[in-house]
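Data block below; observations after.
Scope of the values below: all heavy atoms of this structure, side chains included, with no hydrogens, waters or symmetry mates. The chains referred to below are lettered A, B, ... by the order of the sequence lines, with proteins before strands, and numbering in each begins at 1.
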2 protein chains.
Amino acid sequence: MSFRQIKRLIDAAQGCEPADVVIRNCTVVDVFAEDYLNRDLLIVEDKIAALVDPGEGQGKQVIDADGAFAVPGLIESHMHVESTLVSLTEVARLIVPRGVTTIIIDPHEIANVLGIEGIRLLLDSVQDLPLKVLIQIPSRVPTAPGIETTGGEIDLEDIREMLSWSEVVALGELDPSKVLPPRPEYIARVEMAQAEGVITCGHAADLSGRELMAYASTGLADDHECVSVEEIIERVRAGMRVNIREGTSERDLETLVRAVTVHGVPARRLMHCTDDKQVIDLMEEGHIDHNVRWGIECGLTPMQSIQMATINPSEHFHLESRIGSLTPGRHADLFLCRDLQALEADTVIVDGKVVAENGGLMQQPSAPTYPDWALSTMHLGKQLKREDFTIHAPDNQNEVTAKVIKVIPDLAIDEMIFEKMDVVQGEVTADRDRDLFKIAVVDRHKASGRVGLGLIQGFGFKQGAIGSTVCHDNHNLILVGSDGDEMAHCANLIATMGGGFALVQAGKVLAKLPLPLAGIMSQAAFEQVAEELAQMRRAARDMGITLDTPFMKLSILALPTVPEVGLTDMGLVDVRKHAIVPLFCVS
Amino acid sequence: MSFRQIKRLIDAAQGCEPADVVIRNCTVVDVFAEDYLNRDLLIVEDKIAALVDPGEGQGKQVIDADGAFAVPGLIESHMHVESTLVSLTEVARLIVPRGVTTIIIDPHEIANVLGIEGIRLLLDSVQDLPLKVLIQIPSRVPTAPGIETTGGEIDLEDIREMLSWSEVVALGELDPSKVLPPRPEYIARVEMAQAEGVITCGHAADLSGRELMAYASTGLADDHECVSVEEIIERVRAGMRVNIREGTSERDLETLVRAVTVHGVPARRLMHCTDDKQVIDLMEEGHIDHNVRWGIECGLTPMQSIQMATINPSEHFHLESRIGSLTPGRHADLFLCRDLQALEADTVIVDGKVVAENGGLMQQPSAPTYPDWALSTMHLGKQLKREDFTIHAPDNQNEVTAKVIKVIPDLAIDEMIFEKMDVVQGEVTADRDRDLFKIAVVDRHKASGRVGLGLIQGFGFKQGAIGSTVCHDNHNLILVGSDGDEMAHCANLIATMGGGFALVQAGKVLAKLPLPLAGIMSQAAFEQVAEELAQMRRAARDMGITLDTPFMKLSILALPTVPEVGLTDMGLVDVRKHAIVPLFCVS
């Protein structure tokens, strides 16, 4: 703060000069004292100057809260914002009117496409938005070096540079494979971040017992992968904080609040997060406001649930002096609402200015212009042809036993199964009757022309192809199709869109959703993206796809780190072996 | 941590290799989950590797806790360690066996004598001690520039340098006079510290209402000056944390815990501290262990009171990943005790090593050798004579009205009263019948020969002099005496001691306590210092001094910032005017 502003804060607090804004007649949710106080709130520039007795506050602008609650702006404690599918501008339009004023994001996805420049681009795009965007530095880009191709890489020097950025509050989710056993290149990142005093975040999926202890001993300080009460208790006992996740797919809150309501775990150690949440769900349900609300419905007190989205994350990330409470010297980020259970924001104030009312921003932000390098990230190196998707059988075989990816609906994991397949003219082709289709991952970053091929069961359609460039974590181009022509058509279409989702059948485009920003996000208005996404889902159903959310499913098939099997541009990955394996069993 | 150590922690946690130490059969006080867990504690080098099920832990050294509680090492959240009167070596001998393993100190006193070099000297003296010493950078040395002389000064550049020290966790107590109204030179210090991410500590004595709001708006984040429940509630509501103080003179705990036990203030926002506590009281009563114990007696739960000396300060000072809990990756600082109410440490472990048992350190630390510049800080510039203490009356007056400092026993404040005094041969002298004596403050830092003179009522003796170099915050040489001969004798004696306390009468030394380290601390064993201090108190009583703790009283008479009146080497200070004023009223 400038000396001038400090002097103005002090003068306004002491009543020597009027504040810029006074909010009268409100009940302040005091997250520190755990109390509800009838006060006038004085704001000078972007900060809170004072809470004074009702009627005592003088300000140039008077906001009459008419008895509403004043709630500190909500904080998202861990989110991959790219998963919304929309730009940060649109995210702000979506969530700020709901009272979310700070998001702590791990921009892991864009980093896989565009590296550190992609992260900087995101941050630069929010300069004029009424939303604070703070960063967990992606700690593992690529996730699986050597068995996948990414557009960007984040190395130790990048991390050193980012640690000097004012937006950085943490090193992002380091998963157990990097530290159990410890790998020097990742431990060096943890050590560097800790030396700078920032939090090092965890991702302790499936860990328990002594493995969890070992993981915690490296200083990884939180976890958003808990799915059971036992896990949450174990993590709190291990000295970790837990981000309870309630996003599009993972919905852990109802189960996990029982740690507090039944088992007496102090809510102090818990935070709300969404991790991944798509635009449609944000529109229909809400963002962290939903988590707070749902937490209350599940048995938390309103104070506990609000603390989990205010002072708990601000304390964890060493932001307590800046955000998370309505107390002197903090940013004036807050919303007014009539009912803490319903938690619907009437008026939202960010940095002392009214930025949203009745569910919408007061001023529509101008759409940022992104540079060409961020909008042209489809580097296939060639026009794709049917031959690029030909699966060649080993020489002189009439029948082969193939390793097939079997999709498990509703779960983020897949099985590897073994299927006998006929060989015709040296090729293995789809077998519709057994729901066996081709799957391909095409390098879209380095123009190598590399295509990883495999077979998949579980999509359910008869003809056509589905393709996407949203595919964790490498975000290459993934396709599932009935034959090479359909797949080539779909691939080339997506290339011309600059990335995105597409469905084709018999030479026709059934639906498409361009995501030209790094090939993973749209620049369009969220309403339009949501509508197009709904159309995509309908078209997929019409095409015969039996999965509820086929693009979400596609997005994890290229993950070489989630059990049991994945596909990258380099080939089929046996996750447990962390290695590329042949597609066919040796006969 | 080194990669080697992290690997060892992980291996021990997972059971692949034995830990260095296993503590078996203990009940871990889990300050995060607020629970008591029967676990084996595994330690590798200086860190905790894991908590495992009873009987599961393997270690090269086995400690059988025999059912005792394992409590995280206690943290002192705010202390002027110089007030103990002993060296840090002796402080460690005193408090580590009681389970205190970290002290966060504001070395304000030594900084007034020796500047930044004095602070570095303290820190260097603890390198081999089993005690973590962390620093709040003194923010106002001198406290009252222009109206007092100090030996050291701390400027913005010193603060910048100290902010790079690994021991620094905060900027120390900035008092309201520096920020209400805001003074640019002090605000710059706050801003610099906050930019480095360290906590900026407060000292909000007597503030309330809108003044407190104004004070908090500058980012000063805690206060240890609360004396009432109303004050504590107000501070928590203002977003500040409160260090509840229980030291030698200020005893606020019994009153203040009612904020929690009666008014429902979350203990989460509170910490224990002593601020100032003398060696005798540390010996008789204890240190932070006493505060925890007394807090429980006053109605806190053992968990709350222990949290106030463990995770609450570690969270506040961003030390949570290092100390304050018995969880993986944290320093293995703990003590075993049989009874949480009594909280008597049997065995104390610091950095994984048993350092104390049954009330004493296992290994007596070697006495550090201090450099001559730290032991020779009496710079009077001359041998003092009776004439140096002569109070000259204005010309041609037979009677004057003098401003007299009236001591208020048991309180840290004094009154200014007005007394008519006879003038004999141009001099004003002591008047035993009215208990009016001379008081002098001699510059001992710059050898200026400057002596500030005044009159005082309330010491109660008839003849002799009492002198001390422990005098906040400038630590000059202060004397109260019946005449110039006694005062000169006392002053010269203290000069030869290198500083300290002395009582003289009729040419005889009644008692003395040398404090040669910066003139404010002894190098001797704490037992000896305590014994000499007890002797001093007896001798003072025998001499006729009616004050219980005359040296504590002397120590605040030279404070130009505590109401209503003080005396510095520059003369009488009217505290409210913050200015030197004439000793006599104009007739």
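- Separating the CD atom in Glu315(A) from the NE2 atom in His318(B) is a distance of 8.5 Å, to the nearest 0.5 Å.
- For chain A, the option among Cys16(B), Pro182(B), Ala12(B) with the highest count of heavy-atom pairs below 4.5 Å is Pro182(B).
- Of the residues considered (Gly264(A), Ser325(A), Pro266(A)), Pro266(A) shows the highest number of contacts with chain B, using heavy-atom pairs under 4.5 Å.
- Residue Lys47(A) does not touch chain B at all, counting heavy-atom pairs closer than 4.5 Å.
- In summary, Glu320(A) and Arg268(B) do not engage in a salt bridge, as defined by a charged side-chain N under 4.0 Å from a carboxylate O.
- Among Ile233(B), Thr200(B), Val44(B), Leu37(B), the residue making the largest number of heavy-atom pairs under 4.5 Å with chain A is Leu37(B).
- Neither the backbone nor the side chain of Ile199(A) comes within contact range of chain B; no heavy atom of the residue lies under 4.5 Å from a heavy atom of that chain.
- The shortest distance between side-chain heavy atoms of Arg269(A) and Ile311(B) does not fall below 4.5 Å.
- Summarising the geometry, atom CE belonging to Met1(A) is positioned 7.5 Å from atom OG1 belonging to Thr218(B); distances are rounded to the nearest 0.5 Å.
- Atom CZ of residue Phe32(B) and atom CZ of residue Arg241(A) lie 7.0 Å apart, to the nearest 0.5 angstrom.
- The candidate with the highest count of non-hydrogen atom pairs below 4.5 Å against chain B, out of Gly329(A), Pro184(A), Gly209(A), Ala216(A), is Pro184(A).
- Contact annotation for Ala221(A): neither backbone nor side-chain heavy atoms come within less than 4.5 Å of a heavy atom of chain B.
- Distance OG/Ser217(A) to CD1/Ile48(B): 11.0 Å, rounded to 0.5 Å.
- Note: Lys7(A) NZ to Ile187(B) CD1 = 11.0 Å, rounded to the nearest 0.5 Å.
- Interface remark: Asp35(A) contributes side-chain atoms only to the contact with chain B (heavy atom separation under 4.5 Å).
- Proximity to chain B is absent for every atom of Arg235(A), based on heavy atoms less than 4.5 angstrom apart.
- Here the straight-line distance linking atom CG of Leu212(A) with atom CD of Gln14(B) works out to 10.5 Å at 0.5 Å rounding.
- Of the atoms belonging to Leu9(A), heavy atoms from both backbone and side chain fall under 4.5 Å from chain B.
- Using a 4.5 Å cut-off between heavy atoms, Arg237(A) contacts chain B through both its backbone and its side chain.
- Contact of Ala188(A) with chain B is not made at all, since no heavy-atom distance falls under 4.5 Å.
- Using a 4.5 Å cut-off between heavy atoms, Arg330(B) touches chain A through its side chain atoms alone.
- For Ala259(B), no part lies under 4.5 angstrom from a heavy atom of chain A.
- For chain A, the nearby part of Arg183(B) is the backbone; its heavy atoms alone come within less than 4.5 Å.
- Residue-environment remark: CZ (Arg322(B)) stays at or below the threshold of 12 foreign heavy atoms within 6.0 Å.
- Val52(A) touches chain B through its side chain: at least one heavy atom from C-beta onward sits under 4.5 Å away, while N, CA, C and O do not.
- Around atom CZ of Arg258(A), no more than 12 heavy atoms belonging to other residues, nucleotides or ligands sit under 6.0 Å away.
- More than 12 heavy atoms of other residues, nucleotides or ligands sit less than 6.0 Å from atom CG of Asp53(A).
- Summarising the geometry of Ala238(B) relative to Pro328(A), their closest heavy-atom pair is O-CD, 3.4 Å, with the distance given to 0.1 Å.
- Between Leu180(B) and Ile10(A), the shortest heavy-atom contact is CD2-CG2, 3.7 Å.
- Contact record, Ala13(B) with Arg210(A): O-NE, 2.7 Å, taken as the closest heavy-atom pair.
- In this structure, chain A has a heavy atom under 4.5 Å from the side chain of Glu191(B), while its backbone stays farther away.
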